[in-house]
S.K.: 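Mind having a look at this structure? Questions to follow.
Please read all numbers here as calculations on a predicted model, not as lab measurements. Below, each value reflects all heavy atoms present in this structure, side chains not excepted, and no hydrogens, waters or symmetry copies.
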Amino acid sequence: MLYIGTTQAACRLHLSVQRVRKLAIDGRIEGAYKENGHWQFPVSSDGMPKISRKNKGPKGRWRIRKQEIMTFIHVIQTILRYNRDNKTQYPVIAVKMGGHSFLCNEVRIPGVGRLIYDPEHQKNCGATLWFEIDPDIPLQMNSFIEVL
């Protein structure tokens with residue numbers, strides 16, 4: 001069974017993180033449990049956590065079906081330049097899911113790879129931001145020149 005964290009559950013249900021935590025504490029999210037101080041929520045076959053009403057308050061306004069919200073990953077060049085010029089390590093990767101934005105230094109995409117910002121361990125070419133792809137993923141390249 002697949003489990004997701006509080007932030008992902010909040011995004012999928014279109015609720016605040018605090019509301020999801022309150023529902024979990026009240027035992028209204030089926031199968032939710034706390035592990036190492038973090039809530040884990042099982043998702044059904046449609047990718048959504050199941051919330052039981054238990055005759056509490058008015059009808060909930062959470063989403064019943066998983067909403068198809070595109071996720072975008074951006075590199076914030078102004079912060080990247082600032083970090084380079086001032087020897088700082090502020091997060092430069094922005095992940096945007098619907099109306100939510102998160103800043104981070106690493107994004108893992110399961111089954112594909114990960115996008116990493118690490119100025120302490122630059123690549124031989126001097127890159128501080130790179131994408132590592134699992135070797136089993138086939139690549140399609142158009143109009144390329146092989147660099148030796």
S.K.: Between CZ of Arg21 and CG of Asp26, what distance do you get to the nearest 0.5 Å?
M.R.: 14.0 Å
S.K.: Any chain of hydrophobic side-chain contacts (each under 4.5 Å) joining Val17 to Leu13?
M.R.: no
S.K.: Under 4.5 Å between any side-chain heavy atoms of Tyr117 and Leu80, yes or no?
M.R.: yes
S.K.: Please say which of Leu115, Ile73, Asp134, Ile133 ends up in a side chain to side chain contact (heavy atoms under 4.5 Å, CB included) with Ile109.
M.R.: Ile73
S.K.: Indicate the atoms forming the closest heavy-atom contact of Val20 with Ala9, along with that distance.
M.R.: CG1-CB, 4.1 Å
S.K.: Could you check whether any side-chain heavy atom of Ile93 comes within less than 4.5 Å of a side-chain heavy atom of Leu103, counting everything from C-beta outward?
M.R.: no
S.K.: Among residues at least two apart in sequence or on other chains, which ones pass side chain to side chain contact (heavy atoms under 4.5 Å, CB included) with Gln18?
M.R.: Ser16
S.K.: Quick check: closest heavy atoms across Pro91 and Ile79, and the distance to 0.1 Å?
M.R.: O-CG2, 3.6 Å
S.K.: Output all residues satisfying side chain to side chain contact (heavy atoms under 4.5 Å, CB included) with Thr71, sequence neighbours left out; order by chain, then residue number.
M.R.: Val95, Met97
S.K.: Pairs in or reaching into residues 92-116: which pass ring pair (Phe, Tyr, Trp, His ring centres under 6.0 Å), with residues at least two apart or in two chains?
M.R.: none
S.K.: To the nearest 0.5 Å, tell me how far Lys123 NZ sits from Leu129 CG.
M.R.: 11.5 Å
S.K.: Considering only heavy atoms from C-beta outward, does the side chain of Met70 approach that of Lys96 to under 4.5 Å?
M.R.: no
S.K.: Take Asn86 and Thr88 through the side chain to side chain donor-acceptor pair (under 3.5 Å) test and state the conclusion after the steps.
M.R.: CA-CA 6 Å; Asn86 296 295; Thr88 57; 5.5 Å; no
S.K.: Measure across Arg108 and Pro110 and return the closest heavy-atom pair with its distance rounded to 0.1 Å.
M.R.: O-CD, 3.5 Å
S.K.: Taking the side chain as every heavy atom from C-beta outward, state whether Pro42 and Leu2 have any atom pair closer than 4.5 Å.
M.R.: no
S.K.: What is the distance from atom CD of Gln122 to atom OG1 of Thr128, rounded to the nearest 0.5 Å?
M.R.: 6.5 Å
S.K.: Taking the side chain as every heavy atom from C-beta outward, state whether Arg84 and Pro119 have any atom pair closer than 4.5 Å.
M.R.: no
S.K.: Looking at Asp85 and Arg81, is there a salt bridge between them, counting it only when a charged N and a carboxylate O are closer than 4.0 Å?
M.R.: no
S.K.: Answer with yes or no whether the hydrophobic clustering places Met48 together with Val43; edges join I, L, V, M, F, W, Y residues whose side-chain heavy atoms lie under 4.5 Å apart.
M.R.: yes
S.K.: Heavy atoms, side chains only, cut-off 4.5 Å: are Arg114 and Val107 in contact?
M.R.: no
S.K.: Compare every heavy atom of Pro49 with every heavy atom of Ile4, then report the nearest pair and how far apart it is.
M.R.: CD1-CG, 4.1 Å
S.K.: Give me the atom names and distance for the closest heavy-atom approach of Val112 to Ile137.
M.R.: O-CG1, 3.9 Å
S.K.: Measure the acute angle between the ring planes of Tyr90 and Tyr82, then classify it against the limits of 30° and 60° as parallel, tilted or perpendicular.
M.R.: tilted
S.K.: Compute the ring centroids of Tyr33 and Phe41, then answer whether they are less than 6.0 Å apart.
M.R.: no
S.K.: Using the rule that two of Ile, Leu, Val, Met, Phe, Trp, Tyr join whenever any of their side-chain heavy atoms come within less than 4.5 Å, decide whether Val92 and Trp130 are in one cluster.
M.R.: no
S.K.: Flag the pair Leu23 / Leu15 as yes when at least one side-chain heavy-atom distance between them is below 4.5 Å, and no otherwise.
M.R.: yes
